[in-house]
There are 2 protein chains.
Amino acid sequence: MSQEGVGVDLETSLGYLLKEASSALRAAMEKVLRPLGMSVTHYACLELLAQRPGLSNSELARGAFVTRQTMNALLQTLERDGYVTRPAEAPVGKVLPARLTPRGQRSLEKASAAVRSVEARMLAGLTETEQSEAFRILQSMTHSLRGDNEGA
Amino acid sequence: MSQEGVGVDLETSLGYLLKEASSALRAAMEKVLRPLGMSVTHYACLELLAQRPGLSNSELARGAFVTRQTMNALLQTLERDGYVTRPAEAPVGKVLPARLTPRGQRSLEKASAAVRSVEARMLAGLTETEQSEAFRILQSMTHSLRGDNEGA
DNA sequence: GAATCTATGTCAGAATACTGACATGAGTCA
DNA sequence: TGACTCATGTCAGTATTCTGACATAGATTC
């Protein structure tokens, strides 16, 4: 820990701060999920399926911010281990709707509680108003970055 | 694109929103850095060195949110390609202070401009006041997650 | 001064995620 | 109906990052 205070611009960059917060969140999540034998992406997949049963592989990938190839590999593991089921054939097109098994639901419960406690800790120092502002601000950032403003 | 609106809780989770924004930022940065032949971690390393010359490998790793092993591998490449220099022997202890070469500085300039334009786009929809709030809120989240509040 | 603790740089192997590519099914349009 | 476009699931190979481990240097404690 040499010099602290020589820092110039990074400390004032909202982009850097965003990365910093996101990194801290991920680290905190990994810390509580590891004892449960679960990675962040692993958890994200189960949580998405709990809240939106029948999501396809590609939809899960988008929701967990990974490629559909990565999510597919994860789904195959989860299917093999009995946490998730997918029909052998697609009801329509090529889309295979995935669902949690009872085992998957049980596995998710503890993880979900752990993650919610992490999120609660993250928000501990913020008022209701600040949380609302954070909500709006983060959404604005995301939309601006994605270019959702063009062609309106 | 099946159902949009069935979503339950994820859309209201600040943790999820934080991940979403961070993911969008990273994607936008990759998009502008790729044509320059530079990855995000690559850029982060150069930017850190520009703002704080003499940073050690471990310090760079913490600043770029990767492990020191990862940063070390990157530094070796950057050193080999002439973007960065490190003394052959440590002036004190084992710590090797790294510095940008002129070539490294030149390489950084274009990347830095590109990244700043991305950040500007991210903040386009926010007022000065909102940016100040974002600053405070993100810092609070980071500190709370790291447990900087204990033992005060 | 010796023992202990912490932090560093580095090597090696494993895990994770990505890019590229392919065939297939659905929707669009003429 | 047929051509075209787009999205999907999946296989293969590559790239990136991480975990584990080791020796060493400085700080701390007694």
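Checking D/dG9, D/dA21, D/dC11 against the side-chain heavy atoms of A/Gln76 singles out D/dC11 as nearest. Candidate nucleotides C/dA26, C/dT8, D/dT10 were compared by shortest atom distance to the side chain of A/Val92, and C/dA26 ranks first.
Within the structure, no pair that satisfies the ring-ring contact (aromatic ring centres under 6.0 Å, His included) test touches residues 108-139 of chain A, not counting sequence neighbours. Among pairs with a residue in residues 68-126 of chain B, none fulfils ring-ring contact (aromatic ring centres under 6.0 Å, His included), at least two apart in sequence or across chains. Pairs engaging residues 86-129 of chain A under the ring-ring contact (aromatic ring centres under 6.0 Å, His included) rule: none recorded [sequence neighbours left out].
The CE-C1' distance, from B/Met71 to C/dG9, rounds to 14 Å in whole Å. Taking atom CZ on A/Arg80 and atom P on D/dT10, their separation rounds to 15 Å, with Å as the unit. One atom, CG of B/Asn57, and another, P of C/dG9, lie 5 Å apart when rounded to the nearest Å. The CG-P distance, from B/Leu75 to D/dT16, rounds to 15 Å in whole Å. For the pair A/Leu74 CG and C/dA15 P, the interatomic distance rounds to 15 Å; values are reported in whole Å. Per the geometry, NZ belonging to B/Lys94 stands 7 Å off C1' belonging to D/dA25, to the nearest Å. Rounded to whole Å, atom P of D/dT16 lies 11 Å from atom NE2 of B/His42. Residue A/Glu89 contributes atom CD, which lies 11 Å from atom P of C/dG25 at whole-angstrom precision.
In the model, A/Thr70 has a side-chain atom that pairs as donor or acceptor with a side-chain atom of A/Thr67 under 3.5 Å. Between the side chains of A/Glu119 and B/Ser13, a donor-acceptor pair is found at a separation under 3.5 Å.
The C1' atoms of five pairs define one axis at each end of the helix from C/dG1-D/dC30 to C/dA30-D/dT1, and these two axes lie 40° apart (to 10°).
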Do any N or O atoms of the protein come closer than 3.5 Å to N or O atoms of nucleotides 17-19 of chain D, and which pairs are they?
unit_1, atom_1, unit_2, atom_2, d
D/dT17, OP1, B/Thr41, OG1, 2.9
D/dC18, OP2, B/Thr67, N, 3.1
D/dC18, OP2, B/Thr67, OG1, 3.3
D/dC18, OP2, B/Thr70, OG1, 2.9

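For B/Glu79, the side chain to side chain donor-acceptor pair (under 3.5 Å) partners two or more places apart in sequence, or in a different chain, are B/Arg86. Residues forming a ring pair (Phe, Tyr, Trp, His ring centres under 6.0 Å) with B/Tyr16 (at least two apart in sequence, or on another chain): A/Phe65. Residues that satisfy the salt bridge (Lys or Arg N to Asp or Glu O under 4.0 Å) test with B/Glu20, not counting sequence neighbours, are A/Arg146. Under the rule for a side chain to side chain donor-acceptor pair (under 3.5 Å), the partners of B/Tyr43 that lie at least two apart in sequence or sit in another chain are B/Glu47.
The phosphate of C/dT10 has OP1 or OP2 within less than 4.0 Å of a side-chain N or O from B/Arg86. In this structure, B/Asn72 does not reach the C/dG9 phosphate: none of its side-chain N or O atoms is under 4.0 Å from OP1 or OP2.
Comparing A/Gly93 and B/Arg68 against DNA chain C, the residue whose closest nucleotide sits nearer the 5' end is B/Arg68.
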